[in-house]
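Per chain, numbering begins at 1; letters A, B, ... match sequence-line order. None of the values given here were measured: they were computed from a predicted structure.
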Protein chains: 2
Amino acid sequence: MMTRYPHETRILVATDCIIFGFNGEELKLLIIKRNFEPEEGKWSLMGGFLHENEDLEAGAKRILYDLTGLNNIYVEQLGAFGKVHRDPVERTLSVAFFALINIHNHDQEAVKAHYANWVSLKNKPELIFDHDEMVTMALDHLRYNAALHPIGFELLPEEFTIPQLQKLYEAIYDMRLDRRNFSRKILSTGLLVDTGWKNEHSTTKKAVLYRLDKEKYQRKFYAFWNFIPNINPNHA
Amino acid sequence: MMTRYPHETRILVATDCIIFGFNGEELKLLIIKRNFEPEEGKWSLMGGFLHENEDLEAGAKRILYDLTGLNNIYVEQLGAFGKVHRDPVERTLSVAFFALINIHNHDQEAVKAHYANWVSLKNKPELIFDHDEMVTMALDHLRYNAALHPIGFELLPEEFTIPQLQKLYEAIYDMRLDRRNFSRKILSTGLLVDTGWKNEHSTTKKAVLYRLDKEKYQRKFYAFWNFIPNINPNHA
DNA sequence: CTGATTTGTGTCGGATACACACAATTTTTT
DNA sequence: AAAAAATTGTGTGTATCCGACACAAATCAG
């Protein structure tokens, strides 16, 4: 191939995926135990090199499909990580992707085949390269954006109860929320549709199952603006 | 150099800068008329290839310094643009950087030497490659983030009046704001310090000059949360 | 000095946020 | 069967905030 930028250096480009899930109690991160060099045996994010004729986002989706068997994952680009020596083997620029999945939907076999594990964010092992930095950034991103946009639903099953939703938010922000105010606020957005069913798993009073109004979800992507109070130290 | 990823493809990496300024009336964008191939004679963002031993952010700052002579520019990474054919000459991944500068501070000679021009956002020429897309994204980013964080000050001189600040916000959001509510809100953040001086340029009542409290700017980076009303179609 | 323009400050009514109380449903216990 | 325990659903009041709006002060042109 004839190139017209002959004197410039070309470098490797990879994508790494920060994949969050929620098990009903706490936030989980999907990471792999590497059975390949370099850093074999250590923990890292799932990632891979970008192919020659592959768009960035397509590369991320390929990697996500490989690991989870899922195609319709919520993905956002977090940003490029480009420190010269971030990969000690050879300079590699990595574009990090932020992903939210329903933890019960993924292909467990594929996950096993990649030696992948869901780990709690609170006691996750140290990761290779700058992957810890990426996870920190992704968690900040989640907290920041879940307060402004209704992206939290991506972590829940199709049908869910308001108490389940509240537990998700309490996990994300590591804080307790008032049940009554939470319910009122969430219902006032108009994003939830009563399915008419009730949660049969509960051992006490069965909560109503809701689903997300997908059409409103598009129109009201800003519905959570100012949703979580005092994330912002607006006062004092 | 011996590499351990022998079978992967390496690609060119560039950075492009979306540089905003404010002239007191409207938002401006700094772009260059290319006097080099490819696309010579057309308009584009200022950019360049990443050097072999240069960090990403350092590359962006180098390019910004080249063009403006400024070192302390407010810069954020916007994200990576990686479409396979975005540069028709050879595949190039570009990391876009968002920059805000005080339009009166830059080195006019350096700008001239690069055939650069400040253009109004409302009638900017078409740019090469995917640079128009980058500008659109940068403008969205500015609107989104200036509503949440006090970054607008980066576009103003050290000392400014509240009416000047209001004009800036009106330019960013292309809407009129109530003078009295704006003043009350802005002062209630505690970010502004009265310098004791007045704007001698005015031909009518001279407004008080304020400066930003830099220490509080750090502590209260969230002070503008919910600052611009109804950016969010929260209702209906 | 009068009028035009711009800047600074105040007020009022409606809406919203958050703290908190009570009623209803389901299973377990006695 | 009745009471207790756990969880879910709905209501109420007060303090605060938001946005609409009125008036006073400063500056200059004429």
Would you mind reporting whether A:His114 and A:Asp66 have side-chain heavy atoms less than 4.5 Å apart?
->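 A:Asp66 vs A:His114: side chains touch.
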
Establish whether the base of [N] is bridged to the side chain of [X] by a donor-acceptor pair shorter than 3.5 Å.
X	N	answer
B:Arg180	D:dA22	yes
B:Arg184	D:dG19	yes
B:Lys205	C:dT7	yes

I want to verify a distance call: between [options], whose nearest atom is closest to the [X] side chain?
X	options	result
A:Thr204	C:dT26, D:dT10, D:dA20	C:dT26
B:Asn181	C:dT9, C:dA19, D:dG19	D:dG19
A:Arg179	C:dA21, C:dT26, C:dG8	C:dA21
B:Asp178	C:dG8, D:dG9, D:dC21	D:dC21

Nearest whole angstrom, please: distance from the [atom2] of [N] to the [atom1] of [X].
X	N	atom1	atom2	value
A:Ile162	D:dT10	CD1	C1'	11 Å
A:Phe182	D:dG9	CZ	P	12 Å
A:Lys167	D:dT8	NZ	P	7 Å
A:Lys198	D:dT7	NZ	C1'	12 Å
A:His201	C:dT26	NE2	C1'	16 Å
A:Asn199	D:dG9	CG	C1'	15 Å
A:Leu209	C:dT25	CG	C1'	15 Å
B:Tyr210	C:dT7	OH	C1'	10 Å

Could you tell me whether [X] atom [atom1] has more than 12 heavy atoms of other residues or ligands within 6.0 Å of it?
X	atom1	value
A:Asn71	CG	yes
A:Lys167	NZ	no
A:Lys42	NZ	no
A:Asn35	CG	yes

Between the two end axes of the helix from C:dC1-D:dG30 to C:dT30-D:dA1, each built from 5 base pairs, what angle do you get to the nearest 10°?
->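 Inter-axis angle at the ends, rounded: 10°.
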
Check whether any side-chain N or O of A:Lys185 sits under 4.0 Å from OP1 or OP2 of C:dC18, and answer yes or no.
->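 Checking C:dC18 against A:Lys185, a side-chain N or O does come within under 4.0 Å of OP1 or OP2.
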
N or O in side chain of B:Lys206 less than 4.0 angstrom from D:dC28 OP1/OP2 |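 So the side-chain polar atoms of B:Lys206 do come within 4.0 Å of the phosphate oxygens OP1 or OP2 of D:dC28, strictly under.
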
Just checking, is any N or O donor in the side chain of A:Thr68 or A:Asp107 under 3.5 Å from an acceptor N or O on the other one?
->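 Short answer, no.
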
So, the side chain of B:Ser183 versus the backbone of B:Arg180: is there a donor-acceptor pair under 3.5 Å, distance only?
->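 Not at all, since once roles are kept as given, no pair shorter than 3.5 Å links the two residues.
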
